[in-house]
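To start, the structure itself, in structure tokens.
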Amino acid sequence: MKRVIVIAAAALAAATLAVQAQARRPDTAPGEGRGNEYVVLYRWGVSAADARRAVLAAGGAVVRENTAVGVATVTAASPGFAGALRADPRIEGVARDVVIGRVPQPAGPGRAGREGRAGAGGTGGLLSAAVSSAPRAASARGAGEAGPGEAGPGEARYATARGDDPDLADSGATALRPEPLAGRQWDMRQIHATVTGSYRRSRGTHDVLVGVLDTGVDATHPDIAANYNFKLSRNFTVDVPTDANGKELDGPCEQEPDKSCTDPVTVDENGHGTHVASSIASPINGLGIAGVAPGASIVSLRVGQDSGYFFLQPTVDALTYAADNGVDVVNMSYYVDPWLFNCTDNPADTPEERREQRTVITAVQRALDYAHDRNVTLVSAVGNGASDYTRQVLDIASPDFARVAGQRSRNRLISPGCLSMPSEGDHVIAISATGISGRKAYYSDYGDGYVHLAAPGGDVYDTQGRTQNITRATLAAYPRAVAEKQGELAPDGSPRADDVVRSCRGRVCGYYEYLQGTSMASPRAAGVAALIVSRYGVPDPVHGGKTLAPDVVERRLRATATRRPCPVPPAHTYVRRLIGGGELTTTQVCEGTSIRNGFFGYGVVDALRAVS
């Protein structure tokens, strides 16, 4: 059951829910050149220098290293390298990495351009998750110009939340009016993040930093730019234009002046990360929408490729960077591939595959521990496989890369002891998704003891019977460049796709897209966490700004959530009409109590109660 973290607001048949991202991925082949690539875990407590000597003695070379948590990307030509290194007491684990393609090195003075391998430029790591973009759905409203009372030139200027005192609105010193597209933000009304709700108490402060571990953030979007932290944002990836077979992966390296494959930190050529960032902290500025914490700052920590893959090494590096630079909250709307579920003793897997999965679990958990210990609140999407993670489930998509190093995607029965990372990691707050009626979204994964909290993520079938309504998804910022590339804009700039909306303030226009998924639920919970740090945080003596222990943040999230009991009967049946005809009926069983259960955890986050 492929956990596609974002589901575009579209018709999804059972097969697409399970494997649509898998189908979009090209085949790959092992790398060539300097030899094989590995992820190496240093023994905890062993110095990096000693661990590097162990790598060298076994015949390897370190090409990228995270000394904070002891994770390195290593190349070695000898086929016996992994076995020799595993026998060294300074090393805890070795797993074969998979090279997915080639990165052309930009030509510089005195040198010709040459081909390099993915990973050699710093993108190494076990392979990654896809971000799906399913077919477009019909909108009940029609293509996307903002309607009467929602947008347009000549609107009065609105107060911005940037840098304001969280109590200022209560004094009447700052007048607030709904944003032009607020009428479409049913999700914000559900958690009381509105001008009559939490914005009156706290809109977040600019010194509270929210890290978006994603595909990047469009920093030029007019409904993000005011809250974008250019100084701290980083890109931990390198684009891979084509896979090892020459098929397009991330696409051409287009950055000028030297066609570099390392995108600037201001770019999101996928759109997923921009939607997430906007949901958290779009400012109140008289344009488009407002996020849950419209006064907080966004730090883009790009770990996802344009194609939607998410690598292990960038994930580890981004988490430790966030911890070392005072980031208060991070949102992780993805999982680390190639294994949807990582098992250490699954009889269906080879010994090498088990070592690979053990490496993913250990490396990610080390980074999560490091961040948690340095006051980073960790928030993650639970996944979109409609599966109960506390029961045996069928994984039909792992490993994600077929015909590589002898691996084949296949059906695997997964026990509850297997882990999807990072959502099942220690210290992570796992968020399920709700629809407009408050029900658990049909696609959202669940499980009593797995789900911590719920937040609105959209459900195009909710209250619509068996048909779809695009406005039952969630609306947030969309990069214009991506919309243009997808052919979703007319020559005059007006949207011609049903799930794209334009909002203008004078001559400044922003674009917004309807998406649904636990990817959309998680950032709304992260936004509430940012409000809590803004309201109750204490001065950070190391980095400045505010800080608050993540366990305190989580306790307040739980204490102020709106309790949502299991449906009656607890076996809830979802029915939806498929595009090709026919209907799909699925029954999902909610277990637990009114205090905590498998659909909603401790309840649906509430921005107003969290800061009151």
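Along the sequence shown, the residues carry numbers beginning at 1. Because the structure is a prediction, the values reported are computed rather than measured.
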| said: Does L378 form a side-chain contact (heavy atoms from CB on, under 4.5 Å) with L368? I'd like the steps, not just the answer. | reply: CA-CA 8 Å; L378 306 162; L368 294 171; 3.9 Å; yes
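- A549 approaches N375 most closely through the heavy-atom pair CA-OD1, 3.6 Å.
- Judged by distance alone, the side chain of W186 and the main-chain N or O of T471 form a donor-acceptor pair under 3.5 Å.
- A donor and an acceptor atom, one from each side chain of R524 and S279, are located under 3.5 Å apart.
- Counting only heavy atoms from C-beta outward, the side chains of I191 and V292 approach each other to under 4.5 Å.
- Residues A529 and V553 approach most closely at CB-CG1, 3.8 Å, considering heavy atoms.
- Across all their heavy atoms, V210 and V327 have their closest contact at C-CG1, 4.3 Å.
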| request: Test salt bridge (charged side-chain N to carboxylate O under 4.0 Å, His left out) on R302 and D218 and set out the steps. | output: CA-CA 11 Å; R302 181 180 168 187; D218 178 11; over 6 Å; no
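- Aromatic ring orientation, Y461 versus Y442: perpendicular (interplanar angle above 60°, classes split at 30° and 60°).
- For the pair R366 and Y370, the cation does not sit on the ring face, since its NZ or CZ is not both under 6.0 Å from the ring centre and inside 45° of the axis.
- If you look at Y574 and Y443, their ring centroids are not closer than 6.0 Å.
- No more than 12 heavy atoms of other residues, nucleotides or ligands shown are found within 6.0 angstrom of CD1 on I595.
- The side chain to side chain donor-acceptor pair (under 3.5 Å) test with Y450 singles out one residue from S420, S387, S423, S432, and that residue is S423.
- Once rounded to the nearest 0.5 Å, the distance linking CG of L181 with CZ of R184 reads 6.0 Å.
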| message | Would F236 and Y321 count as a ring-ring contact (aromatic ring centres under 6.0 Å, His included) here? Give the steps. | response | CA-CA 10 Å; F236 295 92; Y321 175 87; 5.7 Å; yes
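- S278 has its side chain within reach of I289: a pair of non-hydrogen atoms, C-beta onward, lies under 4.5 Å apart.
- For E591 and R391, the salt-bridge test passes: some basic side-chain N is under 4.0 Å from an acidic carboxylate O.
- When side chains are defined from C-beta on, Y228 counts as touching V265, because their heavy atoms get closer than 4.5 Å.
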| message | Does V605 form a side-chain contact (heavy atoms from CB on, under 4.5 Å) with T560? I'd like the steps, not just the answer. | response | CA-CA 7 Å; V605 297; T560 59; over 6 Å; no
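- The two residues L453 and A561 have their closest heavy-atom pair at CD2-CB, 3.8 Å.
- Side chains of L394 and N411 form a contact here, defined as non-hydrogen atoms less than 4.5 Å apart.
- For the pair V360 and V336, the minimum side-chain heavy-atom distance is below 4.5 Å.
- With respect to R472 and D499, no salt bridge is recorded, no charged nitrogen being found less than 4.0 Å from a carboxylate O.
- Between D462 and R439, at least one side-chain N (NZ, or NE/NH1/NH2) sits under 4.0 Å from a carboxylate O, which counts as a salt bridge.
- A donor and an acceptor atom, one from each side chain of Q190 and T434, are located under 3.5 Å apart.
- Looking at Y334 and L213, their side chains come closer than 4.5 Å, going by heavy atoms from C-beta outward.
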| request: Please step through side-chain contact (heavy atoms from CB on, under 4.5 Å) for the pair V379 and I431, ending with a clear verdict. | output: CA-CA 7 Å; V379 184; I431 309 298; 3.7 Å; yes
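- Note: Y602 OH to T593 OG1 = 8.5 Å, rounded to the nearest 0.5 Å.
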| message | Working note: H272 + S333, criterion side chain to side chain donor-acceptor pair (under 3.5 Å); need CA distance, chi angles, decisive distance, verdict. | response | CA-CA 9 Å; H272 184 266; S333 289; 5.3 Å; no
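- Atom OG of residue S198 and atom CZ of residue R203 lie 10.0 Å apart, to the nearest 0.5 angstrom.
- Expressed to the nearest 0.5 Å, how far OG1 of T315 lies from CG of L312 amounts to 6.5 Å.
- T587 and T573 share a donor-acceptor pair across their side chains, judged by distance under 3.5 Å alone.
- With Q305 as the partner, the side chain to side chain donor-acceptor pair (under 3.5 Å) test is satisfied by one option alone out of D250, D239, N270, T215: D250.
- H275 places no side-chain N or O within donor-acceptor distance of the main-chain N or O of S519, the cut-off being under 3.5 Å.
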| said: With side-chain contact (heavy atoms from CB on, under 4.5 Å) as the criterion, how do I436 and D459 come out once you've worked through the C-alpha distance, each side chain's angles and the decisive distance to 0.1 Å? | reply: CA-CA 7 Å; I436 192 171; D459 182 339; over 6 Å; no
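- Relative to the six-membered ring of F600, R564 meets both conditions, a distance below 6.0 Å and an angle of at most 45° to the axis.
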| request: I would like to know whether N331 and S522 meet side chain to side chain donor-acceptor pair (under 3.5 Å); could you show each step before the answer? | output: CA-CA 7 Å; N331 184 82; S522 181; 2.6 Å; yes
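- Here the CG atom belonging to D223 is positioned 4.0 Å from the OG atom belonging to S282, to the nearest 0.5 angstrom.
- The shortest heavy-atom contact between T562 and D606 is OG1-OD2, 3.6 Å.
- Scanning both residues, S300 and V217, for their nearest heavy atoms gives OG-N, 3.5 Å.
- With Q357 contributing its side chain and C343 its backbone, the two residues share a donor-acceptor pair below 3.5 Å.
- By the 30° and 60° cut-offs, the orientation of the rings of H427 relative to H372 is parallel.
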| query | Yes or no on side chain to side chain donor-acceptor pair (under 3.5 Å) for D268 and T274, after CA distance, side-chain angles and deciding distance? | reply | CA-CA 7 Å; D268 174 17; T274 298; 2.7 Å; yes
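- Checked by atom type and distance alone, the side chain of T518 never pairs as donor or acceptor with a backbone atom of S444 at under 3.5 Å.
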| query | Yes or no on ring-ring contact (aromatic ring centres under 6.0 Å, His included) for Y199 and H192, after CA distance, side-chain angles and deciding distance? | reply | CA-CA 9 Å; Y199 298 164; H192 304 115; over 10 Å; no
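- Residues S503 and Y512 have side chains in contact (heavy-atom distance under 4.5 Å, counting atoms from C-beta outward).
- Residues L515 and Y478 are not in side-chain contact: their nearest non-hydrogen atoms beyond the backbone lie 4.5 Å or more apart.
- To the nearest 0.5 Å, the span separating CD on Q588 from OH on Y446 amounts to 4.5 Å.
- Taking a cutoff of 4.0 Å between a charged side-chain nitrogen and a carboxylate oxygen, R234 and D317 do not qualify as a salt bridge.
- A donor-acceptor distance shorter than 3.5 angstrom exists from the side chain of N235 to the backbone of T237, with no hydrogens or angles considered.
- With hydrogens and angles ignored, the 3.5 Å screen pairs a side-chain donor or acceptor of N227 with a backbone N or O of P294.
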